[in-house]
Amino acid sequence: LPNLTGFAYSLNGGAEQTVATNGNPYAQITVTPEHAGKNRIVVRGVLADGSRTPETTTTFSVFNGPVVSWSPDGNGTVDKPVTFTFRPGLAGVSEYRYTIDGDTQTVAAQPDGTATVTYTPTYSSNKDIRVTSVSADGTTSSERLVYFYVRSNLVSVFSSHNENSPQGGIGTPASFQFYSELFGEIVEYRYHVDGDPEQSVPASTE
């Protein structure tokens with residue numbers, strides 16, 4: 001409509017809010033649903049004279065599986081503990097069942113419905129973390145699947161010279177490359193050849 005100035009909307013019957021169109025025929029909003037399942041938005045156009053258009057109702061569905069987050073953020077690292085936090089998608093959650101590395105365990109929910117577990121990875125791989133919540137009445141949520149990558153804490157060494165394919169010879173320089181998945185954290189590499197004194201080389205920004 002040419003005389004449109006904004007929209008008035010409400011989420012799940014809550015308080016009405018407005019958003020201006022600033023001369024455009026559209027507007028964008030961000031909403032945070034408070035429950036899983038069907039959620040409803042009712043919208044009316046606001047016209048220049050203050051009148052409103054007929055309402056439009058639209059619904060969207062929210063997954064009821066637990067929400068999973070972890071600390072520290074980002075990827076994990078071998079031998080460094082990570083804390084997973086589970087938040088409920090359904091009301092009345094009493095416990096969570098979670099699977100890491102094929103091992104399924106149960107943890108009780110706190111009064112606020114959340115739970116935390118600590119996991120220390122022992123090897124580098126992409127982990128499938130599967131979590132389901134269980135309510136006091138036995139209601140089971142859908143399963144949440146998240147992927148969590150664990151970085152190796154070892155240094156990889158590359159060179160054209162190796163014991164299975166001897167090359168070069170005495171007095172002939174040999175180049176080696178060091179690599180670590182802990183990019184951004186490594187500042188230098190320290191190395192020694194046989195029993196020679198230790199040397200260091202700064203880590204490349206690449």
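Counting from 1, the numbers follow the sequence of the chain as shown.
In this structure, Ser133 and Pro88 have side chains that are not in contact, with every pair of non-hydrogen atoms separated by 4.5 Å or more. Between Pro121 and Tyr123, every side-chain heavy-atom pair lies at or beyond the 4.5 Å cut-off. Glu185 is listed as a side-chain neighbour of Arg151, based on a closest heavy-atom distance under 4.5 Å.
Nearest heavy atom pair, residue Val107 against residue Ala115, reads CG1-CB, 4.0 Å. The shortest heavy-atom contact between Asp79 and Thr120 is C-CG2, 3.7 Å. Contact record, Gly89 with Ala36: O-CB, 3.1 Å, taken as the closest heavy-atom pair. Taking each heavy atom of Pro81 and Thr118 in turn, the nearest pair found is CB-CG2, 3.9 Å. Taking each heavy atom of Ala8 and Arg52 in turn, the nearest pair found is CB-NH1, 3.3 Å. Contact record, Ser71 with Val82: O-CG2, 3.4 Å, taken as the closest heavy-atom pair.
Taking 4.0 Å as the cut-off between side-chain N and carboxylate O, Glu55 and Arg40 do not count as a salt-bridged pair.
Side-chain N/O atoms of Glu181 and Tyr149 include a donor and acceptor closer than 3.5 Å. For the residue pair Thr106 / Arg97, no side-chain donor-acceptor distance below 3.5 Å is found, with atom types taken as modelled. A donor and an acceptor atom, one from each side chain of Ser141 and Asn64, are nowhere located under 3.5 Å apart. Looking at Thr99 and Thr104, their side chains do bring a donor and an acceptor atom within 3.5 Å of each other.
For Arg144 (side chain) and Gly65 (main-chain N/O), a donor-acceptor pair under 3.5 Å exists by modelled atom type. Side-chain atoms of Ser152 come within 3.5 Å of backbone N or O of Leu154 as a donor-acceptor pair. Judged by distance alone, the side chain of His35 and the main-chain N or O of Gly37 form no donor-acceptor pair under 3.5 Å. Judged by distance alone, with hydrogens and angles left aside, the side-chain atoms of Asp112 form a donor-acceptor pair with the main-chain N or O of Thr114 at under 3.5 Å. With Asn12 contributing its side chain and Gly14 its backbone, the two residues share no donor-acceptor pair below 3.5 Å.
No continuous path of hydrophobic side-chain contacts links Val131 to Val67 [ILVMFWY only; heavy atoms under 4.5 Å]. Cluster membership check: Val93 shares its hydrophobic cluster with Val68, using side-chain heavy-atom separations under 4.5 Å among Ile, Leu, Val, Met, Phe, Trp and Tyr.
Atoms OG1 and OH, on Thr132 and Tyr96 in that order, are 11.0 Å from each other to the nearest 0.5 Å. Rounding to the nearest 0.5 angstrom, the gap separating the CD atom in Gln177 from the OG atom in Ser204 is 9.0 Å. Within the model, atoms OG1 of Thr172 and CD1 of Ile170 stand 9.0 Å from one another, a figure rounded to the nearest 0.5 Å. Put simply, OG on Ser180 and CG on Asn153 are 8.5 Å apart, with the number rounded to the nearest 0.5 Å. To the nearest 0.5 angstrom, Thr116 atom OG1 is 13.5 Å from Arg87 atom CZ.
Applying the ring pair (Phe, Tyr, Trp, His ring centres under 6.0 Å) criterion to Tyr98, with sequence neighbours excluded, gives Phe86.
Here Ile186 sits in one hydrophobic cluster together with Val155, Val157, Phe176, Phe178, Leu182, Tyr189, Tyr191, Val201; the rule is ILVMFWY side chains under 4.5 Å apart, joined directly or through other members. Residue Ile41 belongs to a hydrophobic cluster whose other members are Leu1, Leu4, Phe7, Tyr9, Leu11, Val19, Ile29, Val31, Val43, Leu47, Phe60, Val62, with links defined by side-chain heavy atoms closer than 4.5 Å. Other members of the cluster containing Leu145 are Tyr147, with ILVMFWY side chains joined at under 4.5 Å, either directly or via other members. Grouping Ile, Leu, Val, Met, Phe, Trp and Tyr by side-chain contacts under 4.5 Å, direct or through others, leaves Val134 on its own.
Relative orientation of the Phe84 and Tyr119 rings is tilted, given thresholds of 30° and 60° on the angle between their planes.
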For this session: Give the C-alpha distance, both sets of side-chain angles, the deciding distance and a yes or no for side-chain contact (heavy atoms from CB on, under 4.5 Å) between Glu198 and Ser200.
Result: CA-CA 7 Å; Glu198 182 178 84; Ser200 66; over 6 Å; no
Problem set entry | Test side-chain contact (heavy atoms from CB on, under 4.5 Å) applied to Lys127 and Val150, step by step | CA-CA 7 Å; Lys127 310 288 185 180; Val150 177; 3.8 Å; yes
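Environment of CD in Glu188: crowded, with over 12 heavy atoms of neighbouring residues, nucleotides or ligands closer than 6.0 Å.
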Listing, residues 20-27 side-chain donor-acceptor contacts under 3.5 Å, not counting sequence neighbours, or none:
from	atom 1	to	atom 2	distance (Å)
Thr21	OG1	Thr5	O	3.1
Thr21	OG1	Asn24	O	3.4
Asn24	ND2	Thr21	O	3.2

